[in-house]
Every structure is written in C-alpha cells, then in structure tokens.
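Numbering of residues begins at 1 and proceeds along the displayed sequence.
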Amino acid sequence: MTAQIQYDDVEVGTELPAASFPVTRATLVRYAGASGDFNPIHWNEKFAQEVGLPDVIAHGMFTMAEAVRVVTDWVGDPGAVVEYGVRFTKPVVVPNDDQGALIEVTAKVAAKLEDNRVRVDLTAMSAGQKVLGMSRAVVTLA
C-alpha cells in the first residue's frame with residue numbers, strides 16, 4: 001500500500017475526518033487475549049476500584065491504537081505512519097452496561113515537514129475528558 005493523500009494537496013490546518021470508537025467490556029476481553037495484557041484493572045471491576053480506579057479501564061495501548069486509526073484511515077496506508085507518540089492523561093472508563101464507553105477522535109495537520117511528511121496532532125476524548133495528550137503522528141504522504 002502507499003499513501004493516498006498527496007503532500008501538495010495538504011495544508012497546515014487540514015482537518016482529518018473525525019471518528020468515534022465504541023469500547024465495551026467484550027472489546028477489552030478480546031484485546032487482552034490478542035495483546036496478552038490480562039491486568040485485572042481491564043476486566044475486574046472490584047479489583048479496579050480497590051486500586052483507586054472508578055471502574056474497569058481500557059488498555060492504554062488499545063486507546064492509543066484506536067486514536068491513530070483516524071490517521072491511517074485518512075492516509076490510506078498504515079505503513080505511512082513513521083512516528084507516533086502520546087501521553088496518557090486520563091483513563092477510558094468502561095462501565096459494565098450495553099453501551100460501554102466511546103473514544104472520540106479529531107485530528108488536523110499541524111506542520112508540513114521535509115520529504116513529503118506531515119505532523120498530525122490528534123485529540124482523543126472520552127466522557128468529556130481528554131484521554132491522550134501530546135498525541136502526534138508523523139506521516140509520509142504521496
């Protein structure tokens with residue numbers, strides 16, 4: 001695959017299509033199995049509360065991965081992401097109900113760099129709180 005977005009067609013401030021990602025307890029169980037991260041804060045409500053959390057929380061790496069999907073969907077090639085980093089600011093709390101939580105992600109081009117690369121800044125929110133800080137991806141465009 002190669003990036004579908006042309007470097008010359010992008011300007012600083014270009015907004016990427018926003019996306020929302022639902023997270024349920026079942027999502028967390030599947031992610032735990034795939035990642036091997038079976039920490040009980042991600043599936044055991046009693047344990048999570050005993051260690052001071054409000055409820056079960058989503059895995060940080062899961063949250064990070066969901067957020068960058070906005071970038072990979074926009075560029076058309078996950079391999080075009082050459083750098084990606086975040087700071088975890090708040091947990092995504094996942095209640096034990098039919099709805100779970102929602103991760104809402106927006107992003108925009110913050111800088112045009114050399115070699116057809118751009119820096120994209122992302123904002124990830126859940127329950128009205130910013131859950132990722134300094135969320136930035138560097139992407140190579142066509």
Side-chain angles (χ1 to χ4, degrees), residues 1-7 9-113 115-142:
M1 297 176 98
T2 58
Q4 303 299 310
I5 305 295
Q6 299 291 317
Y7 181 83
D9 295 338
V10 175
E11 298 177 14
V12 170
T14 298
E15 293 185 13
L16 283 61
S20 296
F21 305 101
V23 186
T24 64
R25 295 279 178 97
T27 308
L28 299 182
V29 170
R30 287 191 300 273
Y31 182 81
S35 69
D37 182 351
F38 294 100
N39 186 323
I41 64 173
H42 303 305
W43 57 268
N44 184 317
E45 186 173 325
K46 181 178 180 290
F47 183 86
Q49 291 173 347
E50 285 175 353
V51 298
L53 295 168
D55 206 334
V56 165
I57 63 170
H59 302 72
M61 297 304 284
F62 172 81
T63 303
M64 188 177 174
E66 288 291 77
V68 80
R69 287 177 55 191
V70 167
V71 177
T72 59
D73 289 351
W74 172 69
V75 75
D77 177 9
V81 177
V82 295
E83 292 178 34
Y84 179 47
V86 306
R87 290 191 180 164
F88 300 105
T89 57
K90 299 280 185 187
V92 175
V93 178
V94 183
N96 191 19
D97 60 17
D98 293 334
Q99 294 183 0
L102 193 64
I103 301 170
E104 300 173 285
V105 183
T106 58
K108 67 179 174 180
V109 174
K112 290 187 83 168
L113 310 171
D115 300 325
N116 283 15
R117 295 177 303 131
V118 297
R119 189 187 87 216
V120 177
D121 291 355
L122 298 91
T123 301
M125 306 283 292
S126 184
Q129 295 188 33
K130 192 173 185 180
V131 296
L132 299 176
M134 297 294 292
S135 183
R136 297 178 172 171
V138 174
V139 182
T140 303
L141 301 180

Between Tyr31 and Ala58, is there a donor-acceptor pair closer than 3.5 Å when you use the side chain of the first and the backbone of the second? no
Shortest non-hydrogen pair, Ser20 vs Glu104, comes out as OG-CG, 3.6 Å
Distance from Leu53 atom CG to Asn44 atom CG, nearest 0.5 Å? 11.5 Å
Could you tell me the separation between the NZ atom of Lys108 and the OG1 atom of Thr14, rounded to the nearest 0.5 Å? 10.5 Å
For the residue pair Thr106 and Ala18, what are the closest heavy atoms and their distance? CG2-CB, 3.9 Å
From His59 NE2 over to Met64 CE, what is the distance, rounded to the nearest 0.5 angstrom? 15.0 Å
Donor-acceptor pair, side chain of Tyr7 and main chain of Val118, under 3.5 angstrom: no
Looking only at heavy atoms, what is the nearest atom pair of Val120 and Ala107, with distance? CG1-CB, 3.7 Å
Counting only N and O atoms by type, is there a donor-acceptor contact under 3.5 Å from the side chain of Asp77 to the main-chain atoms of Gly79? yes
Are Ile103 and Val23 packed together at the side-chain level, in the sense that at least one heavy-atom pair is separated by less than 4.5 angstrom? yes
Smallest heavy-atom separation, Gln6 atom then Ala142 atom, equals NE2-CB, 3.4 Å
As a quick check of understanding, evaluate side-chain contact (heavy atoms from CB on, under 4.5 Å) for Asn96 and Val56, giving each step before the final call. CA-CA 8 Å; Asn96 191 19; Val56 165; over 6 Å; no
For residues 121-142, the side-chain hydrogen bond (donor to acceptor under 3.5 Å, both in side chains) pairs (sequence neighbours left out) are Arg119-Asp121
Okay, side chain of Trp43, backbone of Phe38: is any donor-acceptor separation there less than 3.5 Å? yes
If you measure from OG on Ser35 to CE on Met61, what distance do you get to the nearest 0.5 Å? 9.5 Å
Take Thr27 and Phe62, measure what side-chain contact (heavy atoms from CB on, under 4.5 Å) needs, and give me the verdict at the end. CA-CA 10 Å; Thr27 308; Phe62 172 81; 3.5 Å; yes
Side chains of Tyr84 and Val71: does their closest heavy-atom pair fall under 4.5 Å? no
Side-chain touch Val109/Leu16, heavy atoms, less than 4.5 angstrom: yes
Minimum heavy-atom separation for Val70 and Pro17, please, with both atom names. CG1-O, 3.4 Å
I need the Leu132 CG to Met125 CE distance, nearest 0.5 Å. 11.0 Å
Could you check whether any side-chain N or O of Gln4 sits under 3.5 Å from a backbone N or O of Thr2, counting only pairs where one atom can act as donor and the other as acceptor? yes
Residue pair Val10 / Trp74, side-chain heavy-atom distance below 4.5 Å: yes
Greater than 12 external heavy atoms within 6.0 Å of Lys112's NZ: yes
Report the distance from atom CG of Leu141 to atom CZ of Arg117, rounding to the nearest 0.5 Å. 10.5 Å
Enumerate the salt bridge (Lys or Arg N to Asp or Glu O under 4.0 Å) contacts for residues 20-46, please, sequence neighbours excluded, ordered by first and then second residue. Arg25-Glu45, Arg25-Asp55, Lys46-Glu50
Restricting to non-hydrogen atoms, name the atom on Ala124 and the atom on Val105 that form the minimum distance, rounded to 0.1 Å. CB-CG2, 4.2 Å
